[in-house]
Amino acid sequence: MDPQFLHGLEDLLQRLAFADDTNTIQTVTATLSQKFYADATCIPALLTVAKDNQQWQVRQLATVELRKRIPKFWEDIDAAAQQQMRETILKAIVDEENNLARHGMARVISSIAKSDIPNQKWGDLIQFLYGCCQSATAAHREIGIYVLDSLFETIAEVLTTQMQHLFELFAVLVNDPESLVVQVTTVEALGKLADFIEPGDRAAVSKFQELVPSMVQVLQKCLASGDEDSASRCYEVFNGMLILETPLLHRHFGEMIEFSINVGSNVELDENLRIMALNFLVWTTTYKRGRLQKLKIVKPLIEKVMPITAQDDPEDDDEDSPSRVALRVLNVLSTSFPPQQVIPTVISHVLQYMQSADPGFRKGAMLSLAIVIEGSVDYIRPQVSDIVTLICAGLSDSDMLVRRASCMALGCIAGKYELDEEVSEHHEKLMPLIFNMTSDSNTTIVKYATNALDCILESMGDVIQAYLPQLVERLFALLSWGPPEVKPIALSAIGSTAHSSGAAFEPYFAETISRIKQAMALTGDEDALALRGVATDTISTIAEAAGKDAFRPHLDDTMQLALQGMEIESATLRESAYCYFGVMSRVFNDEFAKYLSFIAPQILQTLRMDEESPFELDVGEDSEMVDEDEELPFNINTGISDEKEVAADAVGQIFASTTTAFLPYVEEISKELLQLLDHYSDTARKAATVALFTFIRTFNKIANPEPWKPGAPLRVPIDEHTSAMIKLVLPAVLAMWEEEDDKMVVTQLCTELRLIMRDVGPAVTID
């Protein structure tokens, strides 16, 4: 080996390991790639640095770089040198004292094994690892099981041919007398082994089930010692096993649930540990509904989980806490089981908690009530009057957190769960309470009260007129002087007021339009752009409520503002603009065609956007360096996914409204919508499905054929353009259907098929 090459490589790795600025990292990385990583010479040099450098950070970095280059250059090394390096690596990992550097070396071994083992090379590796696992030295056992665990990622098929031996080995290691590291890593290895156990392999299932109590004991040790990281890794294994069809946890399912409830309820434990335990219950309820029913523990589970909802929450709404995860458990129960099994028990506790002197229980009662209605809307509908009475009690509560929770409950029930009409019938009880809370000194109360108000306004109908003067005055005041987080909600509520009041809103129309235009022109920080986005949404609501004749003078101005908003780097503004375009096209129909040359290119640009974007990771001393393949430096931008969904929703409406004027854009946009059928996002697939069927329906509308009637021949003539669209769309949609696993997408697809056969005729499905 060239000493100068080795010295240069080691010096650059030293600089890179301790670099604290982007320029140094980029410069050193480029030099390494160009001058040191061009061929197989780098392999033995990196190995030398990985085993001999005095600083563990450099040794670890060398293992990361070595592992990346094994797939590219290992086969270019002659057999004798390969064998020498295998021996060197095994000695180096045993001698290595730093855990992170040792783990890096384990991954190097795994990478070489991926190449060697299928080619009948390195035959003594597995035996070496078995020897390490059976060593009297705990550090050697840690090495052995860690490397075995890593090998599941590269040569699992080979390892699982020795399943009986692995069971025997893991049965010892999971009960290691000295090292919790050995025990936890064995649990992780068992989790990977579980992926390869077939449901029909009774012997393997039985062997695995025998080890579950020991796996649970490892988790208990982690919890008892406060080892959050290890407990999390164990829970990840159990959560992963819940997804499998193989019934590996069934024998001990009840004990696992009871154990997790006890951990989740224990206020003496660290909150993160409690959250892990409660999340296991979320996964259990999601993936093992049948098992829960068989064990008849739904009611006991609710009774154990509900007291946790009374505990304090962090101020940050996005931060998890035991009480919030407990509510998540209740929510999954309500959407997974018949309401008769969930609602009576929850309501019983809600009534009890509302009588408690502890405001935490009253808060928990309101939030529990809100969260369980999602899966039980029809069951709850006849009881809305009683529920409103409970909510009114909460809105009148002396405790701020209870009032806030009650506002949240009202917002969920009236808005999210589509019981707004039933709730609005009780406006005489609700409006004074909610209206009063919009003047509260607490910003959070004002925010949630305004949101609850917005949810019930839209369905009030004529009765809203009694509240209009006071309502508009208050909402305008909030829009002008309210806290930044309240202004968008107040603006949305103004739109709901206009929609509900119809012609009675005419006296407020001019000022409302003026205020919304001002908001649509805002620039600046996130608060300003959020308000601008809501203003863009709201102006379309106002237009629909007022009608095209009243709104026509404002169409050009608001269209220009919406298009200008799309030029700002804000996904929210682009989504709001697409919603605006869709509604405006529905209001103005053919008159909207003059804007298509501006809008269609924007839609195409969105549908063609690349959703992969580079990311950087901050690697600290306490975390292992990322050593993923260099070919995979991307993550998914879900903001783009949302924008595509909204664009797809809008484009179907725009074509339906502008008909022939949109024809020049149909071909290109159809191609992109067909691509969207294969998108990872279920909502994007659903939007694409609706848009494509709308395209078929619109072509048929343009052709204006005689409507098909029941009893008529199935093969009625279809014009060539509609037929071409059917042949383009239907095979792709049916192919998607075969692979689709989201119930809402399948439901929407079936609905669209039914509607298209009604509108176009059964011949749509006949080749």
Side-chain angles (χ1 to χ4, degrees), residues 209 212 216 219 235 238-266 274-311 320-354 356 361 363-383 386-387 390 409 412-413 416-417 419 743:
Q209 288 176 338
V212 170
V216 175
L219 173 57
Y235 262 123
F238 288 122
N239 289 344
M241 288 161 60
L242 290 171
I243 300 173
L244 301 175
E245 292 183 16
T246 312
L248 300 176
L249 293 178
H250 279 31
R251 282 190 197 171
H252 310 282
F253 209 63
E255 296 95 316
M256 282 290 298
I257 291 172
E258 183 177 358
F259 169 71
S260 294
I261 290 173
N262 290 338
V263 172
S265 304
N266 190 345
R274 298 176 61 206
I275 288 169
M276 290 176 205
L278 292 167
N279 271 323
F280 175 79
L281 298 177
V282 174
W283 282 64
T284 300
T285 309
T286 302
Y287 293 104
K288 297 298 178 185
R289 178 178 60 183
R291 193 66 183 168
L292 281 177
Q293 276 190 314
K294 187 174 181 179
L295 293 172
K296 298 181 179 180
I297 56 176
V298 172
K299 182 179 178 181
L301 181 56
I302 294 171
E303 291 172 341
K304 293 288 183 66
V305 165
M306 279 202 66
I308 304 173
T309 68
Q311 295 170 13
D320 256 346
S321 66
S323 59
R324 286 175 179 163
V325 183
L327 288 167
R328 206 173 298 147
V329 175
L330 293 175
N331 177 252
V332 178
L333 284 168
S334 74
T335 56
S336 301
F337 293 90
Q340 297 87 342
Q341 296 185 28
V342 177
I343 298 300
T345 305
V346 172
I347 293 293
S348 172
H349 281 72
V350 166
L351 293 171
Q352 176 187 338
Y353 288 4
M354 286 301 290
S356 173
F361 279 94
K363 178 265 298 184
M366 285 291 99
L367 295 179
S368 299
L369 180 64
I371 210 74
V372 299
I373 289 177
E374 181 176 1
S376 314
V377 172
D378 291 332
Y379 182 85
I380 286 288
R381 200 179 301 275
Q383 306 175 51
D386 294 334
I387 288 173
L390 283 171
C412 285
I413 294 167
K416 186 176 179 182
Y417 302 146
L419 289 167
K743 289 188 289 187

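This structure is a prediction, so every number in the text was calculated from the model and none was measured.
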Can you find a pair of side-chain heavy atoms, one from [X] and one from [Y], that are under 4.5 Å apart?
{"X": "Asn279", "Y": "Tyr235", "value": "no"}
{"X": "Leu281", "Y": "Ile257", "value": "yes"}
{"X": "Leu419", "Y": "Ile373", "value": "yes"}
{"X": "Leu242", "Y": "Thr284", "value": "yes"}

What's the separation between atom [atom1] in [X] and atom [atom2] in [Y], rounded to the nearest 0.5 Å?
{"X": "Ile302", "Y": "Met306", "atom1": "CD1", "atom2": "CE", "value": "8.5 Å"}
{"X": "Leu330", "Y": "His349", "atom1": "CG", "atom2": "NE2", "value": "10.0 Å"}
{"X": "Leu333", "Y": "Lys299", "atom1": "CG", "atom2": "NZ", "value": "14.0 Å"}
{"X": "Ile387", "Y": "Ile380", "atom1": "CD1", "atom2": "CD1", "value": "4.0 Å"}
{"X": "Thr309", "Y": "Tyr353", "atom1": "OG1", "atom2": "OH", "value": "6.0 Å"}
{"X": "Arg324", "Y": "Leu367", "atom1": "CZ", "atom2": "CG", "value": "9.0 Å"}

Problem set entry | Contacts of Met256 that satisfy side-chain contact (heavy atoms from CB on, under 4.5 Å) - sequence neighbours left out |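 Here the qualifying residues are Val216, Phe238, Phe280.
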Heavy atoms only: give me the nearest [X]-[Y] pair and the separation to one decimal.
{"X": "Gln311", "Y": "Lys363", "value": "O-NZ, 2.7 Å"}
{"X": "Lys288", "Y": "Leu244", "value": "NZ-O, 3.1 Å"}
{"X": "Val372", "Y": "Ser334", "value": "O-CB, 3.2 Å"}
{"X": "Pro307", "Y": "Phe361", "value": "CA-CE2, 4.3 Å"}
{"X": "Pro344", "Y": "Pro339", "value": "CD-O, 3.4 Å"}
{"X": "Ser265", "Y": "Ile308", "value": "OG-CD1, 3.6 Å"}

Can you tell me if [X] uses its side chain to pair, donor with acceptor, with the backbone of [Y] under 3.5 Å?
{"X": "His252", "Y": "Gln209", "value": "yes"}
{"X": "Asn266", "Y": "Asn262", "value": "no"}
{"X": "Arg289", "Y": "Ser336", "value": "yes"}
{"X": "Ser368", "Y": "Ala365", "value": "no"}

Pairs touching residues 281-307 that satisfy ring pair (Phe, Tyr, Trp, His ring centres under 6.0 Å), sequence neighbours left out
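Ring pair (Phe, Tyr, Trp, His ring centres under 6.0 Å) check on residues 281-307 returns Trp283-Tyr287.
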My understanding is that only one of Ile343, Thr335, Val342 makes a side-chain contact (heavy atoms from CB on, under 4.5 Å) with Ser376; could you say which?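 Only match with Ser376 under side-chain contact (heavy atoms from CB on, under 4.5 Å): Ile343.
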*asked:* Asp386: which residues meet the salt bridge (Lys or Arg N to Asp or Glu O under 4.0 Å) condition with it, sequence neighbours left out?
replied: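 Salt bridge (Lys or Arg N to Asp or Glu O under 4.0 Å) list for Asp386, sorted by chain: empty.
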Report task. Go through Leu249 and Arg291 one step at a time and tell me if the side-chain contact (heavy atoms from CB on, under 4.5 Å) criterion holds. Result -> CA-CA 10 Å; Leu249 293 178; Arg291 193 66 183 168; over 6 Å; no
Open item on the list: Is it the case that over 12 heavy atoms from other parts of the model lie below 6.0 angstrom from the CD atom of Glu258?
Closed with: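 No, not enclosed.
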*Glu245 CD: over 12 foreign heavy atoms closer than 6.0 Å*: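 12 or below, so no.
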Next item on the list: Show your working on side-chain contact (heavy atoms from CB on, under 4.5 Å) between Leu351 and Leu390 and close with a plain yes or no.
Entry: CA-CA 8 Å; Leu351 293 171; Leu390 283 171; 3.7 Å; yes
